[in-house]
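A quick write-up on the structure given underneath.
The figures that follow rest on heavy atoms only: side chains count, while hydrogens, waters and symmetry mates do not.
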Amino acid sequence: GCDCYPYAAGSSTLDLRQVDERVEITITWSSPHPEVAGRSLKQIAATWKIPQIEAARRLRPAGAIYHSISEADMRRILSHPATMIGSDGLPNDPLPHPRLWGTFPRVLGHYCRYENLFPLPEAIRKMTGMPAQRFKLAERGIIREGYSADLVLFDPRKIIDRATYSDPIRPAKGIVGVWVNGILSYTAKGVTPNRAGRFLPRGKTNWIQ
């Protein structure tokens, strides 16, 4: 199996080994030069009149978005039967990757409703039951009596991501409510003060390490 998120760009810390002038790189933060957040490495290097690799050295430690993935490849991986859909992110970035705010609504809205990449039930399974089964998270991932009530109420006709690379901290549209362990934790008006999350240990697997 594998996992994928619905963007043709990755994000991590700024790594000199990944600096390639053929690849667009957006700087999300920089400790020595915080003023450049949101600009491309190419623009920064041109302003400073130095090669991109030298600009990257001056910017570190820093974060970056690497626009180095083929959209067609990402779609094939996303729709493959063995692919789970997940995400991660760097929430302390002043300009994080939009995956932090938009991954799952983007799957449901853009790739499921608009692009018909897969049916809605399959999209949901890839984000819930499939990863719960893969990581052996007990009593999670599906709606069943006795299972933890981790639920999202959304309008399938309206749900869509609004986070972009230039404006990434934007809540999605179409989500009515989120319940964590049966506790209402989010509404269309924003987060509630209720916190019911807990650590989930991975169950035993037969994977070869």
Assigning hydrophobic clusters by single linkage (Ile, Leu, Val, Met, Phe, Trp, Tyr; side-chain heavy-atom cutoff under 4.5 Å), is [X] placed with [Y]?
X      : Y      : value
Ile69  : Tyr165 : no
Ile44  : Ile53  : yes
Ile159 : Val176 : no
Tyr186 : Leu151 : no
Tyr7   : Leu90  : no

Exercise for review: Output, in order, the C-alpha distance, side-chain angles, deciding distance and verdict of side chain to side chain contact (heavy atoms under 4.5 Å, CB included) for Met84 and Cys2.
Suggested key: CA-CA 6 Å; Met84 301 175 286; Cys2 62; over 6 Å; no
My understanding is that only residues two or more places apart in sequence, or in another chain, count here; which of them pass salt bridge (Lys or Arg N to Asp or Glu O under 4.0 Å) with [X]?
X      : value
Arg113 : none
Glu115 : Arg75
Glu122 : Arg125
Arg195 : none

Closest non-hydrogen atom pair between [X] and [Y], with its separation:
X      : Y      : answer
Pro6   : Val107 : CG-CG2, 3.7 Å
Gly102 : Ala163 : N-CB, 4.4 Å
Gly182 : Trp179 : O-CD1, 3.8 Å
Gly141 : Ala132 : CA-CB, 3.8 Å

Practice item. Tell me yes or no: between the side chains of Tyr5 and Arg99, is some donor less than 3.5 Å from an acceptor? Key: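 A pair is found: one side chain offers a donor N or O, the other an acceptor, under 3.5 Å apart.
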Check your understanding: Are a donor atom and an acceptor atom from the side chains of Asp93 and Thr28 found within less than 3.5 Å of each other?
Key ->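 Result is yes, a qualifying pair exists.
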Donor-acceptor contact below 3.5 Å, side chain [X] vs main chain [Y]:
X      : Y      : answer
Ser185 : Ile183 : yes
Arg202 : Phe135 : no
Ser30  : Leu59  : yes

Those residues that, when tested against [X], pass side-chain contact (heavy atoms from CB on, under 4.5 Å) (two or more places apart):
X      : answer
Asn181 : Arg140, Ser148, Asp150, Ala196, Arg198
Pro156 : Leu120, Phe154
His80  : Ala82, Thr83
Ser166 : Thr164

Review point. Can you list the steps and then say if Tyr66 with Gln18 is a side chain to side chain contact (heavy atoms under 4.5 Å, CB included)?
Key: CA-CA 8 Å; Tyr66 302 91; Gln18 296 188 60; 3.7 Å; yes
Check your understanding: What orientation do His33 and Trp48 show, parallel under 30°, tilted 30 to 60°, or perpendicular over 60°?
Key -> tilted
Output the rest of the hydrophobic cluster of [X]: all Ile, Leu, Val, Met, Phe, Trp and Tyr residues reachable through side-chain heavy-atom contacts under 4.5 Å, sorted by chain and number.
X      : value
Leu95  : none
Ile169 : Leu100, Trp101
Tyr147 : Ile142
Ile160 : Tyr114

Exercise for review: Kindly indicate, with the supporting measurements, whether the criterion side chain to side chain contact (heavy atoms under 4.5 Å, CB included) is fulfilled by Ile25 and Ser40.
Suggested key: CA-CA 6 Å; Ile25 300 174; Ser40 73; over 6 Å; no
Check your understanding: With a cut-off of 6.0 Å (strictly less than), are more than 12 heavy atoms of other residues, nucleotides or ligands near CD1 of Ile143?
Key -> no
Any side-chain heavy atom of [X] within less than 4.5 Å of one from [Y]?
X      : Y      : value
Arg170 : Asp161 : no
Arg162 : Pro171 : yes
Pro61  : Pro32  : yes

Nearest 0.5 Å please: distance from the [atom1] atom of [X] over to the [atom2] atom of [Y].
X      : Y      : atom1 : atom2 : result
Thr128 : Phe104 : OG1   : CZ    : 10.0 Å
Gln52  : Leu16  : CD    : CG    : 12.0 Å
Ile85  : Arg106 : CD1   : CZ    : 12.0 Å
Ile77  : Cys4   : CD1   : SG    : 5.5 Å
Ser11  : His67  : OG    : NE2   : 9.0 Å
Arg57  : Ile50  : CZ    : CD1   : 10.0 Å

Practice item. Apply side chain to side chain contact (heavy atoms under 4.5 Å, CB included) to Thr26 and Arg39, showing your working. Key: CA-CA 6 Å; Thr26 302; Arg39 298 181 63 192; over 6 Å; no
